[in-house]
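No experiment lies behind these values; they were computed from the predicted model shown. Counting convention: from 1, in listed order, for ligands and their atoms alike.
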Amino acid sequence: MGDAALGAAHETFQEFRNHPPRERGDILRRAYDLITERADDLALLMTIEMGKPVAESKAEITYASNFFRWYAEEAVRIDGRYTVNETGVGRVLTMKQPVGPCVFITPWNFPLAMGTRKIGPAIAAGCTMVVKPASQTPLSMYALAQILVECGVPDGVLNVVTTSSTADVMEPLIRDPRLRKLTFTGSTPVGRALVEQSAQGLLRVSMELGGNAPFLVFDDADLDRAVDGAMLAKMRNIGEACTAANRFIVHESVADEFSRRLAERMGGLKLGRGTDDGVNVGPLIDGRQRDKVAELVADAVDHGGRVLTGGNRGDGDGYFFEPTVLADVPTSARMFREEIFGPVAPVTTFSTDDQALALANDTEYGLVAYAFTRDLARAVRVAEGLETGMVGINQGVVSNPAAPFGGVKASGFGREGGAEGIEEYLETKYVGLAL
Ligand code: NAP
């Protein structure tokens with residue numbers, strides 16, 4: 001099946017690369033409209049697939065569809081440049097051309113948005129593709145593919161492959177000489193293995209990998225705003241987000257007050273089935289993930305962390321874990337090095353700005369960081385000093401179709417969204433003109 005899918009992407013590429021840009025954009029724009037029209041059905045499907053509350057699924061659908069609207073507008077703005085040679089004699093002409101057939105591998109935590117962030121710019125650029133969604137959430141991707149077909153995407157341009165023999169099906173595709181680009185969103189260990197496989201074909205590669213986001217609260221921060229930001233940065237997607245705040249690093253003079261307020265808000269959240277009214281926090285994706293969260297909490301408590309709220313598996317038939325705040329967690333605890341991927345907020349303290357930055361950067365990851373301060377000079381200094389691809393200043397969410405999303409260090413490379421996002425699907429060709 002994988003071979004047939006790549007064969008179709010390869011065969012249709014020559015035609016699709018010349019498909020008029022306006023028509024490529026119109027496919028995306030129509031798909032944006034149809035996703036919006038079907039948002040309720042798509043949200044229900046997503047909640048049934050991965051557990052988050054329906055309101056959060058709807059928010060993801062809005063976020064996901066906005067990549068199509070954004071790249072509908074970019075399809076007609078792909079250009080090059082024209083320069084007179086330094087000598088004044090010849091000319092330099094550059095043109096942007098689609099990279100070629102692509103493979104996209106996406107995770108279960110944002111089943112739609114991690115697809116549209118790749119499919120949108122790829123269609124806009126004139127690339128064809130094979131998309132492999134996570135085994136746990138294939139249905140949202142099928143629903144999206146159906147929408148794109150209804151909106152006029154030509155046969156063979158978008159090919160969805162589902163499998164539970166993932167490595168066996170995907171490795172031959174990644175090593176296939178017909179492929180030109182690999183884009184992966186998922187865990188860092190799998191990303192490393194895929195980069196090795198992609199070396200064979202010297203593919204263009206984008207890697208959106210794991211995170212370990214620091215959330216810094218300085219002594220001059222607006223604490224109401226910091227707690228609101230913390231709730232978003234921690235609890236969006238039940239904590240199962242690469243951008244989730246993983247380590248709360250709070251100035252010692254405000255740590256008690258911040259932790260108390262955060263625990264009050266977290267303790268007030270309603271845990272339950274994502275389809276039930278009034279539920280704020282759904283179940284985790286599976287038993288393995290819930291066991292990992294429980295282990296990390298037990299380890300933090302063994303290291304001296306104090307439970308302010310939560311700390312246990314939730315009641316009921318589902319992989320629930322209580323929203324949890326832990327104070328006084330030493331940085332030797334495992335959760336300061338590993339992605340928690342659950343609703344747990346560990347708090348540690350700092351006394352100087354230099355110490356805060358050193359703690360924030362003390363991780364192999366570098367996806368996103370959040371900082372709360374009212375001092376503009378400090379905000380700029382901290383933003384410049386953080387070893388991450390993205391920084392949220394006084395805000396707990398950075399995801400935005402108009403902005404370049406991506407990481408550094410073990411969080412990967414490449415950017416999705418904004419003007420940078422379409423560049424990942426374009427090659428620059430230079431033509432020297434002798435006059
Ligand atoms: P994962 O285990 O790495 O899986 C992600 C995708 O890779 C799935 O489609 C999976 O397929 C596939 N896969 C697994 N092993 C593979 C192999 N050997 N060859 C080819 N494909 C393979 O990650 P996850 O647990 O689903 O997702 C959570 C991770 O994604 C976290 O680390 C999170 O931080 C990261 N993430 C990063 C971003 C970002 O933009 N930086 C965004 C969201 C999530 P199967 O499902 O069939 O195993």
Side-chain angles (χ1 to χ4, degrees), residues 1-2 49-52 60 63-64 67 103-118 130-141 160-176 179 182-198 203 205-213 236-246 284-286 288-290 292-293 337-342 363-369 388-390 397-401 403-417 421 424:
M1 186 174 61
E49 266 201 315
M50 68 74 66
K52 67 179 132 192
E60 179 183 338
Y63 174 54
F67 285 97
V103 160
F104 301 157
I105 302 176
T106 59
W108 50 263
N109 63 342
F110 291 101
L112 213 67
M114 298 304 99
T116 59
R117 268 185 0 185
K118 303 176 192 332
V130 175
V131 184
K132 210 290 298 167
S135 308
Q136 280 158 314
T137 56
L139 300 181
S140 294
M141 189 61 76
V160 179
V161 169
T162 53
T163 174
S164 45
S165 308
T166 306
D168 291 346
V169 170
M170 297 314 289
E171 184 165 352
L173 294 195
I174 295 166
R175 294 185 185 278
D176 191 305
L179 187 67
L182 169 68
T183 303
F184 171 71
T185 300
S187 61
T188 296
V190 173
R192 285 196 172 106
L194 297 181
V195 169
E196 277 187 33
Q197 291 170 21
S198 70
L203 300 180
V205 180
S206 307
M207 289 280 145
E208 300 284 352
L209 307 178
N212 181 5
R236 179 166 172 245
N237 225 44
I238 323 166
E240 293 173 316
C242 52
T243 50
N246 212 58
L284 296 175
I285 189 73
D286 55 25
R288 204 166 57 113
Q289 183 55 30
R290 181 169 69 164
K292 184 186 170 197
V293 172
R337 294 186 302 280
E338 296 177 31
E339 254 188 320
I340 302 169
F341 244 53
T363 169
E364 67 166 331
Y365 294 104
L367 188 63
V368 62
T388 56
M390 300 175 288
V397 177
V398 291
S399 302
N400 174 354
F405 187 106
V408 298
K409 295 161 73 179
S411 294
F413 47 84
R415 295 294 179 264
E416 293 187 331
E424 303 277 335

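- Taking every heavy atom of both residues into account, Gly239 and Ala244 meet most closely at O-CB, 3.6 Å.
- Ion pairing between a basic and an acidic side chain is recognised when a charged N comes within 4.0 Å of a carboxylate O; Arg415 and Glu424 show no such pairing.
- In this structure, the protein non-hydrogen atom closest to atom 41 (N) of ligand 1 is Leu209 O, 2.8 Å.
- Residue-level proximity to ligand 1 for Glu208 is carried by backbone and side chain together, each with a heavy atom below 4.0 angstrom.
- Listed by atom number, the atoms of ligand 1 under 4.0 Å from Pro133 heavy atoms are 9 (O).
- Residue Gln136 places no N or O, backbone or side chain, under 3.5 Å from any N or O of ligand 1.
- Nearest non-hydrogen protein atom to atom 45 (P) of ligand 1 is Ser135 OG, 3.3 Å.
- If you number the atoms of ligand 1 from 1 as listed, the ones under 4.0 Å from a heavy atom of Thr185 come out as 5 (C), 36 (N), 37 (C), 38 (C), 39 (C), 40 (O), 42 (C), 43 (C), 44 (C).
- Under the 4.0 angstrom criterion for non-hydrogen atoms, Arg117 is in contact with ligand 1.
- If you number the atoms of ligand 1 from 1 as listed, the ones under 4.0 Å from a heavy atom of Leu367 come out as 41 (N).
- Here Gln289 has no heavy atoms under 4.0 Å from ligand 1, in either its backbone or its side chain.
- No hydrogens or angles considered: a donor-acceptor pair under 3.5 Å links the side chains of Lys118 and Thr185.
- Inclusion of Thr106 in the set of residues having an N or O under 3.5 Å from an N or O of ligand 1 is warranted.
- Of the N or O atoms in Ser411, none lie within a sub-3.5 Å distance of an N or O in ligand 1.
- Ligand 1 has at least one atom lying under 4.0 Å from a heavy atom of Leu194.
- No donor-acceptor distance shorter than 3.5 angstrom exists from the side chain of Thr162 to the backbone of Pro138, with no hydrogens or angles considered.
- Atoms of ligand 1 lying under 4.0 Å from at least one heavy atom of Phe184, given by number and element, are 3 (O), 5 (C), 6 (C), 7 (O).
- Those atoms of ligand 1 that come under 4.0 Å of a heavy atom in Phe341, given as number and element, are 28 (C), 31 (C), 33 (C), 34 (O).
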